[in-house]
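Have a look at the structure below before the remarks.
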Amino acid sequence: MNNLHDWPEPITRVQSLSESGLPIIPDRYIKPAPDRPSLNPLENSDVNIPIIDLTGLSGDENNLPVSTLDQISLACREWGFFQVVNHGVSPGLMDRAREAWRSFFHLPMEIKQAYANSPKTYEGYGSRLGIEKGAILDWSDYYFLHYLPLTLKDYNKWPASPDSCREVIDEYGKELVKLCGRIMKVLSINLGLREDHLQNAFGGENFGACLRVNFYPKCPQPDLALGLSPHSDPGGLTLLLPDHEVPGLQVRKEGKWITVKPARHAFIVNIGDQIQVLSNANYKSVEHRVIVNSGKERVSLAFFYNPKSDIPMKPVEELVSADKPALYSPMTFDEYRLFIRLRGPKGKSQVESLKSPR
């Protein structure tokens, strides 16, 4: 990745475009007609991803009832997404984290620009994914930072403003690492594996964790744009803290886009490509995208729990058989995420390209 020193074109902050009051969006943000969202509020309005109560899953104790384990198993196999409530993370901490980041995005531009990122690591304040010159862009800005491993954690690359932002991010990260670890055990058990199997495949204690905070400004033509193009998450497990007032995440289910209706103080959990690979596609990483809004901005926090970057990821031996041979060739997460860093979000094309030739 050493050649990825700069973006192919000058960066325009989407928030600046939005706040300028322009009545139409620049061509760079207009999606091709087949990719544009349907903003019909009645479409699939009664459908939502599963909401699962994690009461009984705390610390080292897994006292989840069998019915809850079954709900999680079904969600991983059929949806790739589910919401969790009573998950053990303080609602107050969730609100503080979201509002600290909202405050950051409303700081003066010169303060935010001090954290501007490059495609080499993506750390910092950004406005695009991928380095393809002339690409159609998404209607969003973001902030990306590393939480683990500690060798990549650099407080100087975290915002110093607003006050206490770094402390809140740190506390939030600690709590989400714990919650991800507990969920990983459940995913292992539901695959018929030892509870520590998936975690060990991630590198045991040497896993990675990072945070991408998404800011979706108001968009004057939301029917022509997307906040985030369709993609599946390249990493292991994602915990999304959505905006508590403004929906926007859509999940593809049986060819249709379902708008997720967030439960209050729930996390949205989704399976990433690495767990699809490890599970030999028993669990699915599912395509999702984000729609935007003409009346309200939106902030969300995506916490990514990833394998150690240099371990080849391949299907777990216990899940490979003559009837279901290994579907994927080994690839490290470092090699894998280079794809999205170069090309940007491209649906499910990356994980599909890993499939072993038959």
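This is a predicted model, so every value here is computed, not measured.
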**OP:** Test the K253-W79 pair against the cation-pi criterion, namely NZ or CZ under 6.0 angstrom from the six-membered ring centroid and within 45° of the ring axis.
**Re:** yes
Original post:
Has the side chain of E9 got a donor or acceptor atom that lies under 3.5 Å from a matching backbone atom of G134?
Top reply: yes
Subject >> Output field: ring centroids Y172/W158 closer than 6.0 Å >> reply: no
**OP:** Could you tell me which non-hydrogen atom of P234 sits nearest to which non-hydrogen atom of F333, and how far apart they are?
**Re:** O-CE1, 3.5 Å
Original post:
For E167, does its backbone N or O pair with a side-chain atom of S164 as donor and acceptor, under 3.5 Å?
Top reply: no
Original post:
Looking at Y155, does the NZ or CZ of R166 lie under 6.0 angstrom from its six-membered ring centre and within 45 degrees of the ring axis?
Top reply: no
Original post:
Passes side chain to side chain contact (heavy atoms under 4.5 Å, CB included), L145 versus E123? Steps please.
Top reply: CA-CA 5 Å; L145 57 85; E123 284 178 281; 5.6 Å; no
Original post:
Should the pair F215 and H106 be assigned to parallel (<30°), tilted (30 to 60°) or perpendicular (>60°) ring geometry?
Top reply: perpendicular
**OP:** May I ask you to say whether E171 pairs ionically with R96, meaning some side-chain N is under 4.0 Å from a carboxylate O?
**Re:** yes
Original post:
Can you tell me how far CD of E287 sits from CZ of F81, rounded to the nearest 0.5 angstrom?
Top reply: 10.0 Å
Original post:
Does a side-chain heavy-atom distance below 4.5 Å link Y216 with V290?
Top reply: yes
Original post:
Would you find more than 12 non-hydrogen atoms of other residues, nucleotides or ligands less than 6.0 Å from E110 atom CD?
Top reply: yes
**OP:** Output yes when a side-chain donor or acceptor of D233 lies under 3.5 Å from a complementary backbone atom of G235, and no otherwise.
**Re:** no
**OP:** Keeping the roles fixed (side chain from Y125, backbone from N117), state whether a donor-acceptor pair exists under 3.5 Å.
**Re:** no
**OP:** Working to the nearest 0.5 Å, report the span between CD1 of I25 and CG of L224.
**Re:** 5.0 Å
Original post:
Between atom NE2 of H265 and atom CG of L241, what is the distance when rounded to the nearest 0.5 Å?
Top reply: 8.0 Å
Original post:
Roughly how far apart are W257 CH2 and I291 CD1, rounded to 0.5 Å?
Top reply: 11.0 Å
Subject >> Aromatic ring pairing F104/Y115, orientation class (parallel under 30°, perpendicular over 60°, tilted between) >> reply: perpendicular
Original post:
Would N200 and H197 satisfy side chain to side chain contact (heavy atoms under 4.5 Å, CB included), going step by step from the backbone distance to the final call?
Top reply: CA-CA 5 Å; N200 288 340; H197 200 122; 5.9 Å; no
Subject >> Pairs meeting criterion ring pair (Phe, Tyr, Trp, His ring centres under 6.0 Å) with involvement of residues 293-319, two or more places apart >> reply: F207-Y305
**OP:** Evaluate the ring planes of Y143 and W101, with Trp represented by its six-membered ring, and classify them as parallel (under 30°), tilted (30 to 60°) or perpendicular (over 60°).
**Re:** tilted
Original post:
How about S232 and K284: does a side-chain donor come under 3.5 Å of a side-chain acceptor?
Top reply: no
**OP:** Look only at the side chain of S294 and the backbone of C219, and say whether a donor-acceptor pair between them is shorter than 3.5 Å.
**Re:** no
Subject >> pair L148-N206: side-chain heavy atoms closer than 4.5 Å >> reply: no
Original post:
Among side-chain atoms of E335 and T332, is any donor-acceptor pair under 3.5 angstrom?
Top reply: yes
Original post:
Is E99 atom CD crowded by more than 12 heavy atoms from other residues, nucleotides or ligands, each under 6.0 Å away?
Top reply: yes
Subject >> Spacing of CG belonging to L17 relative to NZ belonging to K218, to within rounding of 0.5 Å >> reply: 15.0 Å
Distance-only donor-acceptor hits, side chain of residues 307-314, under 3.5 Å, sequence neighbours excluded:
{"residue": "K308", "atom": "NZ", "partner": "D310", "partner atom": "OD1", "Å": "2.7"}
{"residue": "K308", "atom": "NZ", "partner": "D310", "partner atom": "OD2", "Å": "3.2"}
{"residue": "S309", "atom": "OG", "partner": "D334", "partner atom": "OD2", "Å": "3.4"}

Original post:
Between the main-chain N or O of N293 and the side-chain N or O of K296, is there a donor-acceptor pair closer than 3.5 Å?
Top reply: no
Original post:
Is the backbone N or O of L226 less than 3.5 Å from a side-chain atom of R289, with the two atoms forming a donor-acceptor pair by type?
Top reply: no
Subject >> Backbone of R13 reached by a side-chain donor or acceptor of D141 within 3.5 Å >> reply: no
Original post:
Is there side-chain contact between L193 and E318, with at least one heavy-atom pair below 4.5 Å?
Top reply: yes
Subject >> Side-chain donor or acceptor of R298 paired with backbone N/O of V246 under 3.5 Å >> reply: yes
**OP:** Would you check if the side chain of S188 reaches a backbone N or O of L198 as a donor-acceptor pair within less than 3.5 Å?
**Re:** yes
Original post:
Got a second to check how far T259's OG1 is from K261's NZ, nearest 0.5 Å?
Top reply: 6.5 Å
Original post:
Would you find more than 12 non-hydrogen atoms of other residues, nucleotides or ligands less than 6.0 Å from K31 atom NZ?
Top reply: yes
Original post:
Side chains of D273 and Y336: do they bring a donor and an acceptor to under 3.5 Å?
Top reply: yes
